[in-house]
Chemist: 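My questions will all concern the structure given below.
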Amino acid sequence: MGSKCKHTGERDGSKEDGEYFVAAISYSVDLTKPSGEVVKNVYEDKQDFSKDEEFIDIPLEVQFVLDSTYTSGNYKATFHVKDNSTGESTEVSADFKM
């Protein structure tokens, strides 16, 4: 997944001219509890990036707090990522124990 959007002109409101690349992504996390219940969108964010060279990858960081209603057991976090420029999306899951 990925897009290469090349632009010319000003970037980020600066007076700098020239070519640069932009990326716009949105992402969210669903959490599956040990009971099988899925809690949608425990985390959501959108980010826009620009730089002078093509993107190879974009690092994402996700942190969220689980209150005392989340008991110990095996959980699954499902990450949904969408490229807002192309509409392409993907997802990946990770199991963890609490």
Side-chain angles (χ1 to χ4, degrees):
M1 181 175 95
S3 64
K4 299 175 186 172
C5 300
K6 187 163 48 170
H7 298 271
T8 57
E10 294 181 6
R11 174 177 59 179
D12 301 330
S14 71
K15 300 293 182 197
E16 179 182 340
D17 289 330
E19 288 187 341
Y20 61 96
F21 296 83
V22 297
I25 60 167
S26 55
Y27 53 103
S28 64
V29 178
D30 296 342
L31 188 64
T32 304
K33 294 181 174 184
S35 66
E37 176 189 356
V38 177
V39 181
K40 297 281 192 182
N41 301 325
V42 293
Y43 186 90
E44 294 180 277
D45 199 5
K46 290 188 244 183
Q47 294 199 22
D48 297 316
F49 304 90
S50 66
K51 65 182 195 173
D52 297 332
E53 56 190 41
E54 290 187 48
F55 292 92
I56 295 172
D57 58 15
I58 297 172
L60 301 177
E61 183 176 314
V62 173
Q63 294 183 13
F64 50 90
V65 176
L66 301 177
D67 63 25
S68 62
T69 63
Y70 291 87
T71 60
S72 55
N74 295 316
Y75 288 79
K76 178 168 71 171
T78 304
F79 298 80
H80 306 276
V81 181
K82 180 180 177 185
D83 180 329
N84 295 331
S85 298
T86 65
E88 291 182 64
S89 61
T90 190
E91 68 179 47
V92 64
S93 297
D95 296 323
F96 66 96
K97 192 173 189 172
M98 192 165 71

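Residue indices begin at 1 and follow the sequence shown. Please read all numbers here as calculations on a predicted model, not as lab measurements.
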Chemist: Would you call the rings of Tyr70 and Tyr75 parallel, tilted or perpendicular, where under 30° means parallel and over 60° means perpendicular?
Modeler: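 Tilted: the ring planes of Tyr70 and Tyr75 meet at 30° to 60°.
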
Chemist: If you take all heavy atoms of Ile58 and Ala23, which pair is closest and at what distance?
Modeler: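 In terms of heavy atoms, the two residues are closest at CD1-CB, 3.7 Å.
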
Chemist: Does any N or O in the side chain of Asp83 come within less than 3.5 Å of the main-chain N or O of Thr86, such that one atom is a donor and the other an acceptor?
Modeler: yes

Chemist: Which distance, rounded to the nearest 0.5 Å, do you find between the CG of Leu31 and the CD of Glu37?
Modeler: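 Rounded to the nearest 0.5 Å, the CG-CD separation comes to 9.5 Å.
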
Chemist: Counting only heavy atoms not in Lys76 (residues, nucleotides, ligands), do more than 12 fall under 6.0 Å from its NZ?
Modeler: no

Chemist: Is there a side-chain contact (heavy atoms from CB on, under 4.5 Å) between Asp45 and Leu60 once you walk through the steps?
Modeler: CA-CA 10 Å; Asp45 199 5; Leu60 301 177; over 6 Å; no

Chemist: Considering all heavy atoms of both residues, which atom of Phe21 and which atom of Glu54 are nearest to each other, and what is their separation?
Modeler: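 Closest heavy-atom pair between Phe21 and Glu54: CE2-CG, 3.3 Å.
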
Chemist: Can you tell which of Gln47, His80, Glu91 makes a side-chain contact (heavy atoms from CB on, under 4.5 Å) with Tyr27?
Modeler: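 For Tyr27, the side-chain contact (heavy atoms from CB on, under 4.5 Å) check succeeds only for Gln47.
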
Chemist: State, to 0.1 Å, how close Pro34 and Ser72 come at their nearest heavy-atom pair, and which atoms those are.
Modeler: CG-O, 4.3 Å

Chemist: Which atom pair, heavy atoms only, marks the closest approach of Lys46 to Ser26?
Modeler: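 That would be CG-CB, 3.6 Å.
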
Chemist: Compare every heavy atom of Asn41 with every heavy atom of Asp30, then report the nearest pair and how far apart it is.
Modeler: OD1-N, 2.9 Å

Chemist: Does the side-chain contact (heavy atoms from CB on, under 4.5 Å) test come out yes or no for Val38 and Thr78, once each step is laid out?
Modeler: CA-CA 10 Å; Val38 177; Thr78 304; over 6 Å; no

